[in-house]
Amino acid sequence: MNQRFVYQSEVYFDELDALGVLHHTRYMLHLERAQQKFFEHLLGVNDFNAERDEDIYVVVHSLETRFREPFQKPGPIEVDYGIERIRSGGVTMDFKIRDPNGGKLYCEGKRTVCKLSAQTHQPAPWTEPFRQAMETYLK
């Protein structure tokens, strides 16, 4: 099954640069917020607690981003996540940042995160329930 996780985020005026467009670094902030909500959804929790949920102790391994069209005014954007590949302690997700009304595609790419042990800070495998939850979003 190819499910997608969709998160709506709000862009504020202070995120626009001198040209009146969303600064490229701000897309990653909205992407990060969406990943938090995606992982909370996969875990079935309403908060982000690394002490309780070891699978959220992750670092970004790589990020590939293509900017398609500038976002030019404050308002809602939609972050859409899917899972491209799951490894023992890593996951590659594809994403799209777009107009929530189905119009413009502003940004798209891939993001790989790796799970670490909170004790050793070394790579660690996903828990089985979390891995199974991720598999429902696998292409």
Side-chain angles (χ1 to χ4, degrees):
M1 182 180 270
N2 186 10
Q3 288 189 43
R4 307 285 299 176
F5 178 81
V6 178
Y7 173 76
Q8 189 161 314
S9 194
E10 190 73 22
V11 174
Y12 295 97
F13 175 77
D14 62 358
E15 296 181 90
L16 305 180
D17 65 16
L19 299 175
V21 299
L22 183 61
H23 191 269
H24 68 279
T25 60
R26 301 303 289 190
Y27 286 91
M28 300 309 103
L29 174 74
H30 293 279
L31 188 63
E32 193 74 28
R33 290 175 183 166
Q35 182 186 308
Q36 175 183 338
K37 293 302 181 186
F38 186 27
F39 277 27
E40 287 174 1
H41 171 75
L42 292 171
L43 289 162
V45 299
N46 292 322
D47 62 340
F48 217 54
N49 185 337
E51 291 177 11
R52 180 193 64 221
D53 303 308
E54 65 179 271
D55 289 305
I56 63 173
Y57 197 80
V58 299
V59 294
V60 175
H61 177 270
S62 62
L63 180 63
E64 174 187 320
T65 307
R66 291 185 179 264
F67 299 97
R68 299 296 185 188
E69 194 165 331
F71 185 87
Q72 298 180 300
K73 61 182 188 267
I77 57 172
E78 190 172 86
V79 181
D80 176 315
Y81 262 125
I83 295 183
E84 199 167 274
R85 182 176 175 209
I86 304 170
R87 289 171 305 292
S88 171
V91 61
T92 300
M93 299 169 281
D94 68 284
F95 66 87
K96 293 176 178 26
I97 299 176
R98 62 182 180 220
D99 181 314
N101 298 318
K104 298 176 183 178
L105 175 63
Y106 302 113
C107 177
E108 64 183 334
K110 297 178 193 309
R111 175 185 172 111
T112 300
V113 298
C114 296
K115 179 185 172 188
L116 300 180
S117 161
Q119 290 75 40
T120 67
H121 305 288
Q122 297 298 309
W126 303 113
T127 62
E128 192 55 33
F130 190 74
R131 183 182 181 89
Q132 287 175 0
M134 285 193 297
E135 286 174 354
T136 64
Y137 289 87
L138 189 60
K139 283 184 179 181

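If you're wondering where the values come from, they're calculated on a predicted model, not measured in any experiment. Hydrogens, waters and symmetry mates play no part in the numbers below; they use all other heavy atoms, side chains included.
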When you look at [atom1] of [X], are more than 12 heavy atoms from neighbouring residues, nucleotides or ligands closer to it than 6.0 Å?
X: Arg87; atom1: CZ; result: yes
X: Arg66; atom1: CZ; result: no
X: Glu128; atom1: CD; result: yes
X: His61; atom1: NE2; result: no

Atom pair [atom1] ([X]) and [atom2] ([Y]), whose distance is rounded to the nearest 0.5 Å:
X: Ile86; Y: Leu138; atom1: CD1; atom2: CG; value: 5.0 Å
X: Ile97; Y: Phe67; atom1: CD1; atom2: CZ; value: 8.0 Å
X: Glu84; Y: Thr92; atom1: CD; atom2: OG1; value: 6.5 Å
X: Gln72; Y: Lys104; atom1: CD; atom2: NZ; value: 6.0 Å
X: Met93; Y: Leu63; atom1: CE; atom2: CG; value: 10.0 Å
X: Gln132; Y: Thr127; atom1: CD; atom2: OG1; value: 9.0 Å

State whether the side chain of [X] and the backbone N or O of [Y] hold a donor-acceptor pair below 3.5 Å, judged by distance alone.
X: Asp53; Y: Asp55; answer: no
X: Asp99; Y: Asn101; answer: yes
X: Arg33; Y: Gln8; answer: no
X: Lys115; Y: Pro125; answer: yes

Subject >> Candidate pair Thr65 and Phe95, rule side chain to side chain contact (heavy atoms under 4.5 Å, CB included), full reasoning >> reply: CA-CA 9 Å; Thr65 307; Phe95 66 87; 4.0 Å; yes

Is it true that [X] and [Y] fall in one hydrophobic cluster, defined by side-chain heavy atoms closer than 4.5 Å?
X: Phe48; Y: Leu43; result: yes
X: Val113; Y: Val59; result: no
X: Val21; Y: Ile77; result: no

Original post:
Can a donor-acceptor pair be found between the side chains of Gln36 and Glu40 at a distance below 3.5 Å?
Top reply: yes

Original post:
Do His121 and Tyr57 get their side chains close enough for a donor-acceptor pair, meaning under 3.5 Å?
Top reply: yes

Quick one: are [X] and [Y] in side-chain contact, heavy atoms under 4.5 Å?
X: Glu10; Y: Tyr12; answer: yes
X: Met28; Y: Leu31; answer: yes
X: Glu108; Y: Asp94; answer: no

So, for [X] and [Y], which heavy atoms are closest and what is the spacing to 0.1 Å?
X: Asp80; Y: Arg98; result: OD2-NH2, 2.8 Å
X: Leu116; Y: Ala124; result: C-CB, 4.0 Å
X: Phe71; Y: Tyr27; result: N-OH, 3.4 Å
X: Glu15; Y: His30; result: OE1-NE2, 2.8 Å
X: Asp47; Y: Val45; result: O-CG2, 3.2 Å

Subject >> Candidate pair Val11 and Arg26, rule side chain to side chain contact (heavy atoms under 4.5 Å, CB included), full reasoning >> reply: CA-CA 9 Å; Val11 174; Arg26 301 303 289 190; over 6 Å; no

Subject >> Asn46: partners by side chain to side chain donor-acceptor pair (under 3.5 Å), with sequence neighbours left out >> reply: none

Original post:
Aromatic rings Tyr81 and Phe38: how do their planes relate, parallel, tilted or perpendicular, breaks at 30° and 60°?
Top reply: parallel

**OP:** Report the C-alpha separation of Leu22 and Tyr106 in whole Å, then their side-chain angles, then the decisive distance to 0.1 Å, and conclude whether the side chain to side chain contact (heavy atoms under 4.5 Å, CB included) test is met.
**Re:** CA-CA 10 Å; Leu22 183 61; Tyr106 302 113; over 6 Å; no

**OP:** Would you please test Tyr137 and Val91 for side chain to side chain contact (heavy atoms under 4.5 Å, CB included) and show each step?
**Re:** CA-CA 11 Å; Tyr137 289 87; Val91 61; over 6 Å; no

